[in-house]
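Inspection log for the structure reproduced underneath, given as structure tokens.
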Amino acid sequence: MPELPEVETVVRELKQNIVGKSIVKVDELRPDTVFHDFSTLPEYGKVISVNRRGKYIIIDTERNISLIVHLRMTGKLIIVNNEIPVTKHTRAIISFSDNTKLFFNDIRTFGTINIIPGKNKLKFFCKLGCEPFSDEFNTEHLATIFTRKKTPIKNLLLDQNCIAGLGNIYANEILYSCKIAPNRPANILSKTELQLLIDKTREILTEAIKQNGTSISDFRRVDNKSGSFQNFLQIYGKDVCCEGHPVKRIKSGGRSTFYCPECQKEDIE
DNA sequence: AAGGCAGCCTGTAAGC
DNA sequence: TGCTTACAGGCTGCCT
């Protein structure tokens, strides 16, 4: 599942491959993939930058148009030349003037491409929470947004309006690494635990980016290669934790939650 | 207001 | 063997 490290991996590879190329057109092969408010699709010009915000990929162009891609669960951006055929999962194609193309393949069809005027970017992302690597991600900020939130901490880690970029796998890993039980109400976490949460979040995301992300089901890089962080997972999908304790699996916020009842305390230390 | 959860979708795997 | 069912999960929107 593409989460922050997987999206960051794609963004870094796109930077090397499409910056400076002119976008000729964007074709939608399946309805409800490409969204825009233009009466006719605009001229794009060259790609001037590729960036990430949360799990969104932002492609900015010369003519001040932004293509905002969300991979959701199974979306992939694959750089291809003319010889590689469209598959039944190809939802959209971004074509460049040098005849290379960027295929947007997505088995489950939840992924989207939004084409918006650059000036609307702030509005597009206005509800999104803080970036884990930003200064805004600090204990004071977390204490503020967690106040009066009795929701399990795991659910809040997944809430993109609180923190942008975490998904189910990394939320599990971060909480195990902090020895915090996933069902702990967010508002009872201590200042020390919040700091630990911040440190471990950055540590795990940094290592995952270094490993080009986690290919636990079907994440692929732009050259269709896999990431390797799945080899370093400590709790997600495991039967026993690294201390040898049995791992418990529950549903929280409708998602599989793996935790070690021995290591992850439900009470404040 | 806040929180919980169905629904969107399709491929895979398990169960009968 | 072949059908059915459960599951995976990011995000929106509805309901309580």
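By convention in this document, chain letters (A, B, ...) are assigned in the order of the sequence lines, proteins followed by strands, and residues within each chain are numbered from 1.
- Counting non-hydrogen atoms under 4.0 angstrom, A/Gly254 reaches nothing in the nucleic acid.
- C/dG10 atom C1' lies 6 Å from atom CZ of A/Arg255, rounded to whole Å.
- Distances from the side chain of A/Tyr56 to the nucleotides C/dG9, C/dG10, C/dT12 place C/dT12 closest.
- Using a cut-off of 4.0 Å between Lys/Arg side-chain N and Asp/Glu carboxylate O, A/Arg91 and A/Asp32 are scored as not salt-bridged.
- The residue A/Lys127 sits apart from the nucleic acid: no heavy atom pair falls under 4.0 Å.
- Of the two residues contacting DNA chain B, namely A/Arg30 and A/Leu156, the nearest-nucleotide position lying further toward the 5' end is that of A/Leu156.
- For the pair A/Lys88 and B/dG11, the criterion of a side-chain N or O lying under 4.0 Å from OP1 or OP2 is met.
- Rounding to whole angstrom units, CG of residue A/Leu128 and C1' of C/dG10 are separated by 12 Å.
- Checking C/dC11, B/dG4, B/dG11 against every side-chain atom of A/Asn155, the shortest atom distance belongs to B/dG4.
- Checking the phosphate oxygens (OP1, OP2) of C/dG9, no side-chain nitrogen or oxygen of A/Arg72 falls inside 4.0 Å.
- The aromatic ring of A/Phe110 is stacked on the base of B/dC8, with the two ring centres less than 5.5 Å apart and the planes inclined by under 30°.
- If you take CD1 of A/Ile250 and P of B/dC5, they are 12 Å apart, rounded to a whole angstrom.
- Applying the 4.0 Å criterion to OP1 and OP2 of B/dG3, one finds that A/Lys149 has a side-chain N or O inside that range.
- Rounded to whole Å, atom P of B/dC9 lies 11 Å from atom CZ of A/Arg91.
- A sub-4.0 Å separation between OP1 or OP2 of C/dC7 and a side-chain N or O of A/Lys251 is absent.
- Salt-bridge formation is not detected for the pair A/Glu173/A/Lys200: no Lys NZ or Arg NE/NH1/NH2 atom is positioned less than 4.0 Å from an Asp or Glu carboxylate oxygen.
- Summarising the geometry, the separation between CD1 on A/Ile145 and C1' on B/dA1 is reported as 17 Å, rounded to the nearest angstrom.
- Within the 4.0 Å cut-off from OP1 or OP2 of B/dC9, not a single side-chain nitrogen or oxygen of A/His89 is found.
- Between the NZ atom of A/Lys76 and the C1' atom of B/dG11 there is a distance of 11 Å, given to the nearest Å.
- The environment of A/Asp135 atom CG is sparse: at most 12 non-hydrogen atoms of other residues, nucleotides or ligands sit within 6.0 angstrom.
- Here the side chain of A/Pro152 is nearest to one of B/dT10, C/dG10, B/dG4, namely B/dG4.
- Atom P of nucleotide C/dG13 and atom CG of A/Asn161 are separated by 12 Å, given to the nearest angstrom.
- The number of heavy atoms from other shown groups lying within 6.0 Å of NZ (A/Lys25) does not exceed 12.
- Residue A/Thr151 places no side-chain N or O under 4.0 Å from the OP1 or OP2 atom of B/dA2.
- Salt bridge status for A/Lys76 with A/Asp106: absent, with no side-chain N to carboxylate O gap under 4.0 Å.
- At the phosphate of C/dC11, OP1 or OP2 sits under 4.0 Å from a side-chain N or O atom of A/Gln160.
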Requested in this report: Mind running side-chain contact (heavy atoms from CB on, under 4.5 Å) on A/Tyr259 and A/Ile250 for me, showing each step along the way?
Outcome: CA-CA 8 Å; A/Tyr259 74 105; A/Ile250 59 168; 3.8 Å; yes

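- Rounding to whole angstrom units, CG of residue A/Asp159 and C1' of B/dA2 are separated by 11 Å.
- At a cut-off of 3.5 angstrom, the base of B/dG11 holds no donor-acceptor pair with the side chain of A/Arg108.
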